[in-house]
Structure formats: C-alpha cells, structure tokens
Amino acid sequence: MLIEKAFFSLEVRSVASSWLRKMGFSCLPQEFDERWSAHPFVALLQGIAEELSAREVGPFEGLPWDGEVPREALRFLLHLMSDRGGEPG
Amino acid sequence: MRISSLWVERFGRFEGFGLALGDGLNVVYGPNGSGKTTLHRFLEGMLLGFCGGDGLPLPRYRTYLPGGGGGELTLRLDGLDRPIRRRVDPLEPSGEASVVPEALSSLIPSRERFLLVHSVDQDSLASPELIPRLLELAGGLDLRPLGLDVFSLRLEVERRDLELEVLERALLDRIEETEGRIALLSRAREELRSLEEELEGLDAQLELSVEELGKSGRADLVRLALEVGEELSALALAERGLRARALELGFDPGRDRASAERALDLAKRSSLALPLRDLLSRVKAELSYLASEHEGLKELRVRLGSALEEGARLEALVEGLSGAFPEALGAQVSSLESAWRSLEGKLLGRGKLEGLSSAKRAFEGVVEGMREGLKKEELLLEASVRGRRWLFLALLGGGLSALGVYLTNPLLLGGAAVAVALGLWSWFSSLSQEKASLKGRRAMLFDLERVLEALRGLEEEMARLSEEVYGGSPDPEGSLDLLLALAGRRLREEAEGRLSKLRSSWEVALGGRSFGELRLELARRGGELSGSIEGLKFAASELEGISAGLPPDGSEGLSPSGLEECEGVLGDLLWAMARREQLKKTLSLVGLGREDFRSFRSPKGQFRAREGLLELLRRREEVLLRMGELSRMAFALDPAREALEELKADLFLLRRERAKLKTASLLLEEGLRRFDDLRSSKALDLASEVLSRLSGGLYRRIRPLRAGRRSLGVEDSEGRWWEVEGLSRGFVEQLHLSLRVALCREDGLPLLVDDALSGLDGERALSALEVLSGMPFQTILFTSRWELAEVAFSMGARAFRLGG
C-alpha cells in the first residue's frame, strides 16, 4: 500500500501542465489581430503594462513576478479581443 | 455667437416688441403671465425655425402663431451683425419665409442638441434621465463606440483566474500528499541503510564462523551452504512478490507446487471460460433455431400432405360433377325452365304427378289386399291349430287305448306307435311351414308399408317443390332435374374455386417444382436438419461437460493478455518453488548434519558454532528480505521527488499564469480609469468646476462611476463618490446647470434659461448668477424673482422688465 501511494505521485506529475494547456492560452488564437494594437484603449494599456514591468515587486502577494508578466497579460488581452472576433472600433 | 437684439413682429401676445441684449448675462424679469416663456420660445424658433418638415408650426410654437407671425434677430457673428428673419405664413408652402445666415447651420449642428443644452426650463433641469445624454455630450465616456466590451473582457479574465485558483488548490493538496510520501520513503531509505550496515556485520560474523568451522575441514561446504542460503532468500523474496501478484490476478497459488499448478490450470481454463460460454450459448441458440426450423418443416410436410389430399379430392369432385352434370345441362337450365313453364310441360308434369298418385293408390290397394289376405290366413291358421290340437288329443286317446292293447298284443301296438309318430311329425312340420310363410308375408307387408310411406313422402315433396318452383304448376320430374343441375353446378364451381385457390397458394411454395419434388426436397432438408441437430446436441453436451469445470458463471474469465501474465507469474513461481526445493535438498545434502560433526574434536563447541552459524544465516535471510522490500520503496523515492519537483514547477507556472490574469485584470481596471480621465473632456472638467462653485465646494468632481456604463457619480470634498440617482433634486439641478454651462462654453452658443433657478436657495442662486455672469457665452435668464434681476444687475448684467 505504501509503495502504491508513493507511485501515486508519479501519476499526477503532468496533470497540472495538461490542465494549464487545456484552460490556458493555447485555446486562444496563435496570432492576434494587429489592428487591436492600434486601438487607443490598447495603447493606453500598453503604457500601463510598461509601467508595471518596471516594478521589481509584483502587486499580488504570493504570486511570482517578473517584467514579462504585464507584457504577457497585455498579449493575453489582445488574444481575448481577437478571439471574440470583434472589429476594433 | 450672441444675440444682439430681437424684434417681435407678431408672436403670441407680443406684437412690435424689441430688446437689445448684452454680451454676457441678460436677465428678463417679469411676473407670471408676463410673457417670459413666450419670448423664450420666440428666441428658440428664430434660431432653429418654427416649422417642421410638413410646413406646419411645430407643436411647441403652434399656440403662439395663430394665423402666422414672425420677427427678426440680430446675431453677432465673427464681429459682424447678421440678421435672421422668419415669417410664418399659412399660405406659404414651406410654412415660413426665412432669411438665415449660412454660418448658423454650422454653429448649430442639431435642433436636439440645442434644445437639450442651450434651452433650459424648470422641468428639464429636474430630469435625471437627461443626464446620461448630457454626459455623452460632455465626454463620450462609453467605450462601446470603440468596439470593445471591457466589462465582458473582465468577466472572462476573472473566470479563467477562478478556474486556475481551483487548480492551484488541487495542486497544493497533491504537493502536500507527495511530501508526506517522500518523508515516509525517506525513513524507509534510512532503515535500508541501517540494514545494509547490519548485513555487513552479519557477513563479517559469518566469515568468522566459517573460518572457525573451516578448521574442521568443512569450510567449502559452509560456503556452499551460504551461497545456497542467499539464493534461497532471493527466491523467497521473489516468490512472495509473485504470489502477491497471482493473488491480485485472482488465483491463489497456495504454498506448494501442486496448488500452484492447480492455480495455473485454473487460469488456463478460466481464459477459456469466456469463449467457451460464448460458443455454448451460440450452439444452444443455433440448436434452438434448428429445432424450430425442423418443427416448421414437419408442419410443412403435414400441410403438404393434407393439401395434396384436398387437391385430389377437389379434382375428383370437379371431375365427377363435370361428368354427372355436363356443362350443357347447366347452360340449358334457363331454356328448360321456360319450357317447363309452358302449358304442355305443366300438363305433363301434372300427369306424372297424377300417375304417381294413381300408382300410389294402386299400391295402397295391393297393400290393403295383402293385409286382408294375411288376416284371413291368420284366422285359418288359428282354426287349423285348434283342429290339430283336437287331433292331438284324439291321438293321445288312441295312444292310451293302444297301450291297453299293448298289454295284449305288442306287435299291433308297435304299428300303431309308428303311425302316430309319423302323423305327429307330419303335423308339426306343416304347422311350422305355415308359420314361417305367415311370418315372411308379414315382413313383406311391413316393407310394402315402408315403400308406401316413402311414396307418400315423395308425392308430398314433389308437390311442394312443384309449388315452390312453378307456383302451383307441378312438374316434379323437371324440377328435380333443374334443382340437381343447379346444385351440381354450384358445387362444381365451389370445388373449382377452392382447387384454384389451393393451387395458387402452393404455386409460390412450389417454386416451379411439382408436389412430388417439393416433398422430396422437404424430406432431404428434414434429414439434414436432423443430422445437424444431433451433431449440435452432441457438441452442446461436450461443451457443457467442459464448462462444468470452469469458474462460476459470474466470473468474467481471463483475457488473453491476463492469461499471458498469469502464466508468466505462475510459471515463474513454479520454477522458483522447484528451485527452492532443489536448493533445500542440496542444503540438506551439504548441511551440517549431526554425523558431519562427529569428527570434530569438541562436538559440543562445534555444535554451538553450528547453531550460531545457523542463527546468523536466519537473521541474514530476514535482513535480505526486508532489504528487498525497502529497496523497492527506496526506488520509489526518487520518482516521488521528481514528481514533487514537477508539481512544484507546475504550481509555479500556474501561479505565474494567475499573476498574468490578475495583471490583465489590473490593466483593464487601471486602463479604464485612465481612459476615463483622458476621455473626460474639458467640458467635464469645467462642469466639475462649476458644480464645485454652485455647491459651495461640497462637491468637486464629476466622473462616470464605471466606464462602459452611462452612470454618473460625483466626488465630494472628502473624496467619496456618490451616485447621482441618490442625491437631492436641488443637487440634480446644480449638476444639470453645471453640465450645460460647460457645454455652452464648448459650443459658444447662448444659453436660454427659463425660470430655472427658482429651485435654488439664495446662496446657490447667487453662485449660479456669478458663474453665468463670468462665462464667455451669452446667457438670457428669464425669471420671476426680482431679487435675482437686481443681483444680476449689480453684477453688471443687463436686466429687462416685462409687463407693468
């Protein structure tokens, strides 16, 4: 029983990665609509993302932080906007 | 742009009325009913036009223009005075004749906006529902025109974050669980290390013991025993694992080889259980099918036989009927019928009937005569019997007399006796003949009476048929023929119909074959089926016999891969058992038996050494077994650690994704805030400033509460935000006025305020006048409050009084 329990850990080792793949950004379009980059609101977001990138400590306690996080978050938003299929106004 | 002057030619109560207006604040004072609203409408109409597209005055001006009207405004545009002239004339197709400067249309983009922003009355200042529209005009704070639904974006981000949070919790649970297992496995590894040390010590002690025993010249055997012992330990360990696996697979290998072999046999048979049962069920199903087919075949043969019989019978019937009642007779029925209907036929028929009646009567006479003759003969016979009875008595008397004579003359008596005997024989003989004759005649009479009875019945029947068929014209001979012909024809037709139906129904079944061929085929098929059924019954009984030794029906049996594994496990186990037995045998052969120690110098000491050695070996075996278990656990430790590392890596990735999502949410939040700031125009800033002044600094800022929503909030002096919907009417008026003042400043067009400050208290009203008088655009304020006019006048505004 002990050994089986020990082996159990092996079975779950890739579970989280697959869940991440399933739920994460892989379901979004690989390329986002570049026209969104020129959207005034997105341009504003870009400025904020750059400000956040300069921060050494993230604004969220207990969550990892580096300069790429805000840029990736902005890319994620652009993916979401593209995924929704709307036309930039 | 400002209005320099106005001239009312005719509008409402005004006719020939004019005012010269100033640049900034102008106050037109007058009590109720003095015409303030009329002038307000006049200015509106002159700037925007009185009539609609249909050429009729718009409803808001209609009451002021009964039969037409109009006037003139002078506008100050770009430093020049430009007149606007409008005259409403019912005879004019377009409704009004007007002269308007071209620049006016570009200055006033739409009637709606002008009326909303520049033409204010008491009602419009108190309407909260107008605020969103004003807000849009003041800043366009709704992001929807930009094609971006930020609200749903935020929802989507939050949804994904929530999903990741759930996953994070699951990962943390698993990490905790894995850490617990790693701790357990680490302890196992520590125990393994200590056992390894113990094993080293045991080996050292064994070496010493071997050396000690080696002195007796048995060292080689002891070494062999040690090797065998090691192999035995390994085998025991292997056996344990194999046995556990076999149990997992559902086969108890027991402790001896026979049990293991039985288990292997059971496994093999178990693997057969499924296909065998399947085969058996299919055989049974086939058997059932064949039996039913066989039964069907039997029924078919019976039906074929009966059909053949019926066919033959029907054919014979048709043939017989055709012979007995030729078609011609049937065809001639109608002609015969008509012929019999003729008088001649009737007479003939009647004659026949009469002949029959006379024959009957004659027959009756014969019968009657015979009956009377018989009666006479019976009487004669009776008389004859009586006479002969008397004769008998006479003869008897004679006999008795002769007896007397006999006593005297025997010869004479003998002759007399013979004569009497002959007489008696002759008498009885004639009597019986007469009786027999009479009996025969009686029987004949009986028969004749039956015949006569039949003749009477025939006569009645013929009379009845004649009555039925010919309506009282008896033609018994013809009617009988006719009835028989009709009945025969119907019978034949019916028989032919049934025969035809029978033939057609069998035509399909026969399929071009004769009945004989079909019968042969059915017989052949029946034979085949019987053979198949017998064969299948035999197969089923064989299969049932085999299945009887298999595991119970409920068990699923082994799959091919399961059997392969089972055979491997049990085969290995059998080999290990055999090997262990062999080794034990070897060990016993080389073992340190009592006789082997006899040659030792000190048997007691050697015995102790042997016991100690055996104890060491036993302990060594235990240690090896435990080490085997612990090694497997220790082996699992590294993968568990790797799994933990991967889980932690996943957790890091997941948390980083969450950081990304939260940052995305933050970006949207902050972006909206800044977007609002950017989009909040100067107009909104000015409106905020005006509001601050109007409210005496109580409120200092106007902003939309949430972007993407048309809701307005105000920030008070302490930085708190309030929704407009929850504030007082007086405040709503201040807010309206603030927004309109700001928009008027953007547009540069005049503000017409009709009695709109009456809802403000003195201080607020004073603040409003100060604001309005300080604005660069023109304000024309109509009021019924004299003190406002005075205050405005004191501020440098132009003031006018209407009425009195």
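The figures that follow rest on heavy atoms only: side chains count, while hydrogens, waters and symmetry mates do not. Note that the coordinates shown come from a computational prediction; the quantities given were computed from them, not determined experimentally. The chains referred to below are lettered A, B, ... by the order of the sequence lines, with proteins before strands, and numbering in each begins at 1.
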K.L.:
Can you say whether A:Glu51 sits under 4.5 Å from chain B via the side chain, the backbone, both, or neither, judging by heavy atoms?
P.N.:
side chain
K.L.:
Would you say that more than 12 heavy atoms from the other residues, nucleotides or ligands in this model lie under 6.0 Å from the CZ of B:Arg159, or not?
P.N.:
yes
K.L.:
Find out whether B:Leu570 and B:Pro253 are in side-chain contact, i.e. whether some heavy atom of one side chain is under 4.5 Å from a heavy atom of the other.
P.N.:
yes
K.L.:
Between A:Leu45 and chain B, which part of the residue has a heavy atom less than 4.5 Å away: side chain, backbone, both or neither?
P.N.:
both
K.L.:
Is chain A contacted by the side chain of B:Leu666, its backbone, both, or neither, given a heavy-atom distance below 4.5 Å?
P.N.:
side chain
K.L.:
For the pair B:Arg626 and B:Glu629, evaluate salt bridge (Lys or Arg N to Asp or Glu O under 4.0 Å) and give the outcome as yes or no after the intermediate values.
P.N.:
CA-CA 5 Å; B:Arg626 179 67 181 149; B:Glu629 286 178 1; 3.0 Å; yes
K.L.:
Which atom names give the shortest non-hydrogen contact between B:Leu637 and B:Ile182, and what distance separates them?
P.N.:
CD1-O, 3.6 Å
